[in-house]
Amino acid sequence: MASNHLYLVDGSSYIFRAYHRLPPLTNIHGQPVGAVYGYTTMLWKLADGLRKADGPTHMAVILDHSAKSFRNDLFDQYKAHRPPPPEDLVPQFPMIRDATRAFSLPCIEEEGFEADDIIASYAKAALRAGWSVTIVSSDKDLMQLIEPGLDLLDTMNNRRIDADYVVEKFGVGPDRLGDVLGLMGDSVDNIPGVPGVGPKTAAKLILEHGDVEAVLAAAPAMKPGKLRENLIEHADMARLSRILVTLKDDVPLPDPLDALALGDIPEPPLRAFLEHHGFRSLVAKLGAVAEAPVTAATAAPAPPTVGPEAPCDHDAYEAVTTLDALDRWVAEATAQGIVAVDTETDSLDPMRANLVGVSLALAPNKACYIPIGHVGGDLLSDAPVQIDRAAAIARLKPLLADPAVLKIGHNIKYDIIVLARAGAEVTPFDDTILMSFALDAGLHGHGMDELATIHLSHSCIAYKDVVGSGRNQLGFHQVDLKRATHYAAEDADVTWRFHRRFRPRLSAEQVTRIYERVDRPLVPVLARMERRGIKVDRAQLARLSADFAQQIAGLEAEIHALAGTPFTIGSPKQLGDILFEQMGLKGGRKGKSGVYSTDVNELERLAADGVDVARKVLDWRQLAKLKSTYTDALQQQINPETGRVHTSYGLTGAQTGRLSSNDPNLQNIPVRTETGRQIRDAFIAEPGNVILSADYSQIELRLAAHMADVPALKEAFARGEDIHNLTALELFGEVNRDTRARAKTINFAILYGISRWGLAGRLEVTPDEAQAMIDRYFERFPGINRYIAETLTHAREVGYTTTLFGRKTHFPRINARVQHERQGAERAAINAPIQGTSADIIKRAMAQMEPALAAAGLPNVRMLLQVHDELVFELPETDVDAASPVIRAVMAAAAEPAVKLSVPLGVEIGTGPSWGAAH
DNA sequence: ACCGTCACG
DNA sequence: GACGTACGTGACGGTA
């Protein structure tokens, strides 16, 4: 009897979390089922554990019956401010019951009680009977129940929650947790607690005094201050909160414990449920698990998906610590011609990372980890036995460069840079993050953990669980070999499994071209750009920092004087209070957090009304921004080894196919104001060299003219006219500063997906006037209207848009019933083909640039940066005249021969000693 | 961790 | 009839 183990699934809280964590899938009937799918796979995994040592013998799902419980009688504000669940989650609640029934599991709910109380009652009863209990939830209230024999399982993060976890998180054990929760309150459930008491203070008080009552009793003797005052004033709220967080553990059990026994799950109802929703991969799994004969009906509709493999088995992975073993793996990889590769390092920045180990995978669960830079976990222990670094790299190098062996990586640009710095070239390669992006951009992220959950129903070992977090966090080189092997080899194993799934989908879903011809070729190009970095003048940045600091201090004093009191100018909350309450200026609340908007529009409005302090705050903000984000931060980013700044480009960051840039972001260096431009002047060339900047002129408008086939626009571009002037003439009948500025705004509005209100706000006209301009635009430029309508119709039908080169961006919200969600998706869908085509073109130019320069005998021209429509080079002064026409030609012809554009692509080039001067 | 803000195309 | 309005990013400081 002692071996009985009851699993209690907190169904309601699971689907809320699943809804927010998982991608918004829809089933074959178009109903949203993301959370239900997550729930189904979770139940499956739990039920699968039936025969495992620590698996469930009994299981039940507990749901909340309704929104009200006895706690509402105690406190009418309980859970009062909770917003209604999202619209596309609501229909999933009843489906949860269907799913539970499909597994033939008991589904328990009781009027007047919350799921937590029923769970507590079952848990106590089971413990009394000598059973073990696992509660499938990560709800902090339920953590109060933890005691020997009872733990929580967080399936979303695949982690057990025990007393140690509670102590780590809340500072007290499960027995005191209720007191801590009572003192701190819970904003989600609207449990008040004591104002000003958060988790830290609550834990400290409870540790010191024992429980809530003792804390309240001790309050009058505490040192005078806000805390003492609040404890005394809100003592009753504290007592009430303590009661509200207490779980009721004596609810009469609707079903006896024995009725929860978990047996074999009958297949027919489960199959019917899965097929109803079109969960094909799960249906396939059902067939495999049950070894049922596969009928034509269940076998037929299979797209190029891949059947189930053995689940990831950490114990199957091998730690390779001898040269003989390494040679065997290299030989087998060479013979097979395809191997998944992953590197482990001690930093996320590939330009600072030291190589710690390499993992390889050849088949599911056939994976190894080759440690080469591990040390003992602490000062006392020796480094583990491992192959000498140089010897290991020497053995791996031929494999990594072998033209007959395909190396598969997930975000392999990182590994390519790290390995290149270690002296190894990686070619040829495939990258599963780029495959996922080509296939599913817009549907979900493309990180390994997220994709493993989606495609493998597998939770990867969390990096945090391997290296820890906070103060005690280790470098990966300090992780012990067994854990390191589990983690690292799993990454390679998972990458191998991704490749097997994605590769056949590329051609089936018509994205091979974008993957093979646009994105993948860019990886080595970006790797080289990142490794090159760009020189910045540290002294110049330091001078600017000092200059800005002085101006900031002056403005701060003036602002405080005008406000009549010192305050934190950088706090929107404080600033809003000062401006709109203390100084009594006009302005309205905005945003759900209830703070006044103090953004640039609002402050400009005030400044125009002659409010001096508003202008000064704007100036302060600009300088503070420039100092903290640029002049201070960039100095920190100078790599000590190279003396240059190395950004990292993301290929999958922007849904449209644009690159992103981070650590540091070099795609948002100031240029629009004179002060900001000084920062660009600090990006300089080496002596004897210059910076060359080449940018596409109006590329998105040109592409819009081509894609929407607008004769007037195409002709104007062909003649080389100023397009904003033309628009001004067509819309307003005359060209002057004002009409040109308005025309420019309208041209952008078209690219971004227009709304009369949006345009009205920008132009400061009424929505009716804005609508009149839009109508006139459509009339003067026929084609635009049709393009927008066709793009939307197509997106609604297939769920994605396509660029001229075949890049897809998915819009799962394009048919949303919530208006503003749908409209947001529509605007993005109008813009995506244009922005995306522009991104495709410059990517193609980048891939062709180095061979073209080499062919022109210009090997010393180095491409350093890409800023969406601009490429930045560093080159010997003497090469400028020869390089400029090559660069211009490559960029202007980058769409060809794949796409013949009906507008020319203009390229503007400038050079100078700095990036600022090159513009 | 989230928000508000603001730098860029 | 109200909602909050342009598309795509990343980084910072303040706050909970």
Side-chain angles (χ1 to χ4, degrees), chain A residues 184-185 187 195-200 441-442 567-576 590-603 617-618 621-630 632-634 636-637 647-650 652-673 675-677 679-680 695-696 698-700 704 745-763 767 770 774 801 809 818-821 823-836 838-839 842 865-870:
Chain A
M184 63 189 260
S187 57
V197 174
K200 295 280 178 244
F567 67 102
T568 308
I569 303 168
S571 162
K573 188 169 178 294
Q574 291 185 33
L575 178 63
K590 275 192 191 165
K592 280 167 213 150
S593 49
V595 294
Y596 293 105
S597 171
T598 63
D599 67 12
V600 69
N601 294 322
E602 200 66 18
L603 292 183
V617 169
L618 282 169
R621 279 223 182 119
Q622 189 197 16
L623 292 165
K625 176 87 173 181
L626 295 177
K627 181 169 185 294
S628 68
T629 308
Y630 301 104
D632 287 351
L634 276 172
Q636 300 296 313
Q637 291 280 358
T647 185
S648 177
Y649 287 105
T652 60
Q655 311 298 341
T656 54
R658 271 192 178 179
L659 299 182
S660 63
S661 160
N662 57 58
D663 298 305
N665 184 354
L666 294 185
Q667 291 182 322
N668 72 346
I669 301 302
V671 70
R672 291 174 187 170
T673 66
T675 318
R677 262 198 297 279
I679 293 162
R680 242 169 225 241
D695 68 286
Y696 283 112
Q698 312 279 15
I699 186 169
E700 293 195 1
T745 298
I746 295 170
N747 278 328
F748 278 107
I750 297 293
L751 297 180
Y752 294 153
I754 200 159
S755 87
R756 75 179 82 172
W757 298 277
L759 184 61
R762 292 283 167 136
L763 290 179
I774 294 167
T801 60
T809 304
V818 182
Q819 183 176 253
H820 69 263
E821 285 186 2
Q823 288 176 339
E826 287 173 351
R827 291 193 296 269
I830 292 167
N831 178 250
I834 300 168
Q835 190 183 111
S838 165
I842 195 166
L865 302 176
Q866 188 250 43
V867 194
H868 309 308
D869 63 359
E870 174 188 12

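Note that the structure is predicted; figures quoted are calculated from it, not measured. Residue numbering restarts at 1 for every chain, and letters A, B, ... go by the order of the sequence lines.
The CG atom of Leu751(A) sits 16 Å away from the P atom of dT9(C) (whole-angstrom rounding). Here the P atom of nucleotide dC8(B) and the CD1 atom of Ile842(A) are 18 Å apart, to the nearest Å. Distance, Tyr696(A) OH to dG9(B) C1': 14 Å, rounded to whole Å. Between the CG atom of Asn665(A) and the P atom of dG8(C) there is a distance of 17 Å, given to the nearest Å. Taking atom CD1 on Ile834(A) and atom C1' on dG9(B), their separation rounds to 14 Å, with Å as the unit. As a whole-Å value, the separation of Leu626(A) CG from dC8(B) C1' is 12 Å. One can place CD1 of Ile699(A) at 15 Å from P of dG9(B), the figure rounded to the nearest angstrom. Rounded to whole Å, the distance from CD on Gln637(A) to P on dA7(B) is 19 Å.
Checked by atom type, the side-chain pair Thr673(A)/Gln622(A) shows a donor-acceptor distance below 3.5 Å. With hydrogens and angles left out, the side-chain atoms of Asn668(A) and Tyr630(A) include a donor and acceptor closer than 3.5 Å. Side-chain contact of Gln835(A) with Thr656(A): a donor-acceptor pair under 3.5 Å is present, judged by distance alone.
When each of dC8(B), dC6(B), dA6(C) is scored by its nearest atom to the side-chain atoms of Val600(A), the top-ranked nucleotide is dC6(B). With distances taken from any side-chain atom of Arg827(A) to the nucleotides dT5(C), dT5(B), dC12(C), the minimum falls on dT5(C). Taking only side-chain atoms of Pro572(A), from C-beta outward, the nucleotide of dG8(C), dT5(B), dC8(B) with the closest atom is dT5(B). Checking dG9(B), dG14(C), dA16(C) against every side-chain atom of Lys573(A), the shortest atom distance belongs to dA16(C). Checking dC6(B), dC12(C), dT5(C) against the side-chain heavy atoms of Ala633(A) singles out dC12(C) as nearest. Ranking dT5(B), dG9(B), dT5(C) by closeness to the Asp869(A) side chain, first place goes to dG9(B). Side-chain proximity of Val595(A) to the nucleotides dG4(B), dG9(B), dC6(B) is greatest for dG4(B).
Here Thr745(A) lies in heavy-atom contact (under 4.0 Å) with a base. Among the protein residues, Asn668(A) comes within range of the nucleic acid bases, having at least one heavy atom under 4.0 Å from a base atom. Counting any heavy atom pair closer than 4.0 Å across all strands shown, Gly570(A) reaches sugar-phosphate atoms only and no base atom. Counting non-hydrogen atoms under 4.0 angstrom, Gln819(A) reaches a base of the nucleic acid. Among the heavy atoms of the strands, none lies under 4.0 Å from Gly761(A). Leu659(A) comes within contact range of no nucleotide atom at all, as no heavy-atom separation falls under 4.0 Å. At the heavy-atom level, Ser838(A) lies nowhere under 4.0 Å from the strands shown. At the heavy-atom level, Ala749(A) lies under 4.0 Å from base atoms of the strands shown. Residue contacts for Ser660(A): at a heavy-atom cut-off of 4.0 Å it reaches the sugar-phosphate backbone alone, with no base atom in range. As judged by a 4.0 angstrom heavy-atom cut-off over every strand, Arg621(A) is placed among residues touching the sugar-phosphate backbone only. Within the 4.0 angstrom heavy-atom criterion, only backbone atoms of the sugar-phosphate kind lie near Asp663(A); the bases stay farther away. Residue-level contact check: Glu870(A) touches neither bases nor backbone, having no heavy atom under 4.0 Å from any strand.
Arg680(A) places a side-chain N or O within donor-acceptor distance of the main-chain N or O of Ile669(A), the cut-off being under 3.5 Å. In this structure, Asn662(A) contributes its side chain and Pro664(A) its backbone to no donor-acceptor pair below 3.5 Å. The closest donor-acceptor contact from the side chain of Gln574(A) to the backbone of Phe567(A) lies at 3.5 Å or more, if one exists at all.
Nucleotides dC3(C) and dC8(B) are separated by 32 Å at their P atoms, to the nearest Å. Comparing the P positions of dG4(B) and dG4(C) gives a spacing of 12 Å, expressed to the nearest Å. If you take atom P in dT5(C) and the same atom in dC3(B), they sit 14 Å apart, rounded to whole Å.
When the side-chain nitrogen and oxygen atoms of Thr598(A) are compared with OP1 and OP2 of dT5(B), one or more of them lie within a distance under 4.0 Å. Phosphate proximity of dG8(C) to Arg658(A): absent, as no side-chain N or O sits under 4.0 Å from OP1 or OP2. When the side-chain nitrogen and oxygen atoms of Ser571(A) are compared with OP1 and OP2 of dT15(C), one or more of them lie within a distance under 4.0 Å. The shortest distance between the side-chain N/O atoms of Gln622(A) and the OP1/OP2 oxygens of dA7(B) is not below 4.0 Å.
The nearest heavy atom of DNA chain C to Thr656(A) and to Pro664(A) marks one nucleotide each, and the one closer to the 5' end goes with Thr656(A).
Between Val867(A) and Leu666(A) the shortest side-chain heavy-atom distance does not fall below 4.5 Å.
Not a single donor-acceptor pair, N or O on each side, falls under 3.5 Å between the base of dC12(C) and the side chain of Lys625(A). In terms of polar N and O atoms assigned as donor or acceptor, the side chain of Arg762(A) comes within less than 3.5 Å of the base of dA6(C) in a complementary pairing. Looking at Arg672(A), its side chain comes within 3.5 Å of the base of dG9(B) through a donor and an acceptor atom.
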| request: Kindly determine whether Thr598(A) and Arg621(A) satisfy side chain to side chain contact (heavy atoms under 4.5 Å, CB included), including the steps that lead there. | output: CA-CA 11 Å; Thr598(A) 63; Arg621(A) 279 223 182 119; 2.8 Å; yes
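In this structure, dC3(C) makes no Watson-Crick or G-U wobble pair, since no nucleotide meets both defining distances under 3.5 angstrom.
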